[in-house]
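To keep things clear, I will list the structure first and then write my remarks on it.
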Amino acid sequence: MSKISLEVSEISLEVANRRIESWEKRFEKAYLYLAYHAAFPLALTPDILYRLWANFQQDIHGEVLGIPWVAVADLLLSSLCDEVGHELYEMDLAVRNVLLKVLQEDEKFGQQRINELSDFLLEYVRQRLQNDDPDIKDFAQAQQWTALAYTQPGKVAHELALEFSKLDFNNKAELIRIVSITETFAQPLAEFDPLLSYARGMGKLARGNLEAATDQISKILEGENKIQVAGVDLPIPEKIKANLPELFEQLTIHKNALIRSRFSSRLFLSVLALGMLIGGTGVGVYIFRFTTSQLPQNSLCAKETYSLNDRISLGEEILLTQDTNSDKEAGVKAFSKGDCQLAIDKFNSYRQTNPTDPETLIYLNNAKAGQQAEHIKIAVSVPIGTNPNVAKEMLRGVAQAQDEVNSSTGINGKALEVAIANDDNDPSEAVQLASRFVKDASILAVVGHNSSNASLSAAPVYEKDGLVMISPTSYAQNLTSIGNYIFRTAPNVKSIADSVSNYAITKAGKTNFLICVDYQGMDNQSFNNEFVKAIKAAGGQINSTECDISARDFNPSAVISQAVRSGANALVLGLYVDKIKQGLAVVQSNQGQLTVFGSPTLFTDETLKEGIGINGLIISAPWYPAAFPNNIFPQQAQKLWGATVNWRTATAYDATLAIIAGLQRTNKRDELKKVLHSPDFSVDGATGKIQFLASGDRKNNDIFLVKVQQKPGTDKYEFVPIQP
């Protein structure tokens, strides 16, 4: 695709062309045709894009474009679109401009198709323009201007000028909204340069840059401090009027100050449209809110004194040492010195080639948070040293939730900062980290720990000193009974045992169960007890063969043979997360003799790599990608990480999301505990609606069963859901 010169920076244009070229190479030409049309609306929803797909299946000559319906979802989840709210997407301005330019120049479409798209969008927003909700009406108005900008630019220029003439310049949110919309139409309104210059000046004023605003406005002044666009007199704010006589003197002083200073502060204000689809019957009602971002960015951030090699990092050291390169190392070094902008640049550069590394995304958002005068801090504790894959699965959930809230308006305008800690799933390390967290008054909650061994040891510390802990992965039955500050988004072992036992006995017809556990793990003792009760309650019996995988003389083949001789026809595995290999050795020794059932611990890539021996293994889990068909979390995760995620990412995301929702109501530790326990507290997460029982466990925490099966025609294996 040829490079097109537009009113965007060379970097933005280069990135836009690269994204479009990547899309064009990945899919057939028909997919690109849909992207051309999708660039026309100011923002996209699944409903709008589906209607574009349905209404524009032919070019202007009547030739069928052959756009498949799956292109709708593929486009929304591609790099061409960014999700800015619930079921609301935007294209970057540079991407929109390139696509619309090509649409206009392509003989298949041209100006005729622009006119048709304009008619389509005008009809789409017609009813919404009469809505009593000002937010819906405002967004409909912006979409109407979009429709008219390419067909009646003079009318749009006149209406935008009228909007500016009625503005209260003290209302920065509304000012930024009109400025942003006007700048979006820079291409079709190119002949109305005074309007565009005026909008840029007002934007600089809203950003607090009076000198630049005065300079911009002075260039378009007509006689007697007057500006007129499309027959409308545009007001000049009093601040600018007072500043005009001193313009050149102040600009000189400002320029010299910049030369003397290494860094200059920059305030980025953006318009965020938050959409929520309400109702159905094919005609959705959308609520859109335009707000000024409250997350300003500066090159420097407060330099702190960090303790290196202390198992905790905000971004000053790399904990996932196996995932790094020179950019990540340079970013960490810059962060530790207080140069947040350089850290941001380096972390962004690293993520271009290493998108699956959650540590870096957390550090990136921490660097951005550090540019604020105030931010909110939480911590997450994971087993980086002993089980880095599980640690990364959990961190991806935390990172995704942090990235989403900080890309929006933060927590009541404050960015979320996350401290990462490595506890190695070691109970003593977990206690030490918990003690440090409770003493740091800036930490308002903790996501973690991973294993029940670590969580059970640390929980009394959190309870004693009043700090909320939400574990996304610990299912020991007695965890939440430790106190009111202890919560979890993982299921408890009783619900796992009941679900698995019911299926094994009533659906799979199993009657005699060999239970293999690691008796050194506190959670696995609980696992054994709950499964014994659940199996007996469902009408099954427990095989008398002892199976302790942590025993020194443990011989899995001998144990399996003995169990089979004594009538066993099923095997239940309860494993400590760091003993997965030992547990899988039992599965391999089984060689299909017993039907094997496992806990969520076995839901890992490590399990799938075991080959034919694990074929048929049935595992319980609180989430899998298709478990919640209307939930967009899997698609968002795929887009963010470039790969699928598992249940630990989903429950860690939900734990972080619950904390964020609670902190929206209060930033006090004791009050946060009360909010999470409140009957009216809820937030929609990856695993459905998140609410907590009085115990701290999840309400309605579903359990799903998946089975390991061989992928057809390959030697690889995958988890396949078992239908209830």
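Fair warning: this is a prediction, and the values are worked out from it, not measured in the lab.
Taking a cutoff of 4.0 Å between a charged side-chain nitrogen and a carboxylate oxygen, D680 and R665 qualify as a salt bridge. Between K377 and D440 there is a salt bridge, since at least one side-chain N of the basic residue sits less than 4.0 Å from a carboxylate O of the acidic one. The pair D697-R488 meets the salt-bridge criterion, with a side-chain N (NZ, NE, NH1 or NH2) lying under 4.0 Å from an Asp/Glu carboxylate O. Taking the charged nitrogens against the carboxylate oxygens, K439 and D465 have no contact shorter than 4.0 Å, which rules out a salt bridge. The pair K674-E671 fails the salt-bridge criterion, with no side-chain N (NZ, NE, NH1 or NH2) lying under 4.0 Å from an Asp/Glu carboxylate O. Between E374 and K414 there is a salt bridge, since a side-chain N of the basic residue sits under 4.0 Å from a carboxylate O of the acidic one. We find that R436 and D310 are joined by a salt bridge, their nearest charged nitrogen and carboxylate oxygen being less than 4.0 Å apart.
Expressed to the nearest 0.5 Å, how far CG of N389 lies from CE of M394 amounts to 13.5 Å. Summarising the geometry, atom NZ belonging to K673 is positioned 5.5 Å from atom CG belonging to N484; distances are rounded to the nearest 0.5 Å. For the atom pair L76 CG and E83 CD, the distance stands at 9.0 Å (nearest 0.5 Å). Distance OG/S682 to NZ/K699: 9.0 Å, rounded to 0.5 Å. Atom CG of L314 is separated from atom CD1 of I362 by 10.5 Å, given to the nearest 0.5 angstrom.
Counting heavy atoms from C-beta outward, V405 and I411 have side chains that approach closer than 4.5 Å. Proximity of P460 to I482: side-chain heavy atoms (C-beta onward) are separated by under 4.5 Å at one or more points. Taking 4.5 Å as the limit, every side-chain heavy atom of T687 sits out of range of all side-chain heavy atoms of Y653. Side-chain contact between F719 and L608 is present, with heavy atoms from C-beta onward closer than 4.5 Å. Inter-residue side-chain proximity for I470 and L676 is flagged as met; some heavy-atom pair is nearer than 4.5 Å. Using a 4.5 Å heavy-atom cutoff, the side chains of I542 and I535 are in contact. Side-chain contact between L320 and L395 is present, with at least one heavy-atom pair separated by less than 4.5 Å. In this structure, the side chains of I660 and Q664 come closer than 4.5 Å at one or more pairs of heavy atoms.
Of all non-hydrogen atoms in I549 and Q582, the two that sit nearest each other are CD1-CB, 4.2 Å. Residues L617 and L602 come closest through the heavy atom pair CD2-CD1, 4.3 Å. For the residue pair V390 and P383, the shortest heavy atom distance occurs at CG1-CG, 4.3 Å. Heavy-atom minimum distance, L571 versus C516: CD1-SG, 3.5 Å. Annotation for G540 and I505: closest pair N-CD1, 3.6 Å, computed over non-hydrogen atoms. The shortest non-hydrogen separation linking P491 to P622 is CD-CB, 3.7 Å.
Classification of the F527-Y475 ring pair by plane angle, with boundaries at 30° and 60°, yields tilted. Note on ring orientation: taking the six-membered ring where Trp is involved, the planes of F597 and F513 are tilted (angle from 30° to 60°).
Between the side chain of T480 and the backbone N or O of G696, no donor-acceptor pair lies under 3.5 Å. In terms of modelled atom types and a separation under 3.5 Å, the side chain of H375 and the main chain of A415 share no donor-acceptor contact. Between the side chain of D424 and the main chain of G385, a donor-acceptor pair closer than 3.5 Å is present. Between the side chain of E417 and the main chain of I378, no donor-acceptor pair closer than 3.5 Å is present. Here the side chain of R648 pairs no donor or acceptor atom with the backbone of A391 at under 3.5 angstrom. Looking only at distances, no side-chain donor or acceptor of Q400 sits under 3.5 Å from a matching main-chain atom of L640. Q709 places no side-chain N or O within 3.5 Å of a backbone atom of V720 that could act as its donor or acceptor partner. Formation of a donor-acceptor pair under 3.5 Å by the S435 side chain with backbone atoms of V431 is found in this model. Under a 3.5 Å cut-off, the side chain of R396 and the backbone N or O of T356 do form a donor-acceptor pair. Formation of a donor-acceptor pair under 3.5 Å by the S550 side chain with backbone atoms of D518 is not found in this model.
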| task | Please test N512 against N569 for side chain to side chain donor-acceptor pair (under 3.5 Å), starting from the C-alpha separation and ending with a verdict. | result | CA-CA 6 Å; N512 192 306; N569 57 10; over 6 Å; no
I486 and Y462: CA distance, side-chain angles, deciding distance, side-chain contact (heavy atoms from CB on, under 4.5 Å) verdict: CA-CA 8 Å; I486 311 304; Y462 296 120; 4.1 Å; yes
TODO: Begin with the C-alpha distance, continue with both residues' side-chain angles, and end with the deciding distance and a verdict on side-chain contact (heavy atoms from CB on, under 4.5 Å) for C547 and F554.
DONE: CA-CA 8 Å; C547 186; F554 178 63; 3.8 Å; yes
Margin query: If you apply the rule side-chain contact (heavy atoms from CB on, under 4.5 Å), what do you find for H449 with N425, and how did you get there?
Written below: CA-CA 8 Å; H449 298 245; N425 274 341; 5.7 Å; no
Would you please test T45 and Y89 for side-chain contact (heavy atoms from CB on, under 4.5 Å) and show each step? CA-CA 6 Å; T45 64; Y89 301 80; over 6 Å; no
**Item:** Residue pair S481, N478: steps toward the side chain to side chain donor-acceptor pair (under 3.5 Å) verdict
**Value:** CA-CA 5 Å; S481 65; N478 59 339; 5.3 Å; no
E393/N646 under side chain to side chain donor-acceptor pair (under 3.5 Å): CA gap, chis, key distance, verdict: CA-CA 7 Å; E393 289 166 0; N646 73 12; 3.1 Å; yes
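A distance of 6.0 Å or more separates the ring centres of F603 and F704. For F633 and F628, the gap between ring centers reaches or exceeds 6.0 Å.
There is a side-chain donor-acceptor pair under 3.5 Å between Y363 and S313. For the residue pair D426 and S428, a side-chain donor N or O sits within less than 3.5 Å of a side-chain acceptor on the partner. Side-chain N/O atoms of S495 and D498 include no donor and acceptor closer than 3.5 Å. For the residue pair S474 / N450, no side-chain donor-acceptor distance below 3.5 Å is found, with atom types taken as modelled. Using a 3.5 Å distance cut-off with no hydrogens or angles, the side chains of S381 and R311 do not pair a donor with an acceptor. When only modelled atom types and interatomic distance are considered, D702 and N700 share no side-chain donor-acceptor pair under 3.5 Å. In summary, the side chains of N366 and Q402 do present a donor paired with an acceptor at a separation below 3.5 Å, with no hydrogens or angles considered.
Considering I659, D654, I690 as possible partners of V683, the one that fulfils the side chain to side chain contact (heavy atoms under 4.5 Å, CB included) test is I690.
In E546, the CD atom is not crowded: 12 or fewer heavy atoms of neighbouring residues, nucleotides or ligands sit closer than 6.0 Å. Within a 6.0 Å sphere centred on NZ of K494, other residues, nucleotides and ligands contribute 12 heavy atoms or fewer. Other residues, nucleotides and ligands place no more than 12 heavy atoms under 6.0 Å from the NZ atom of K689.
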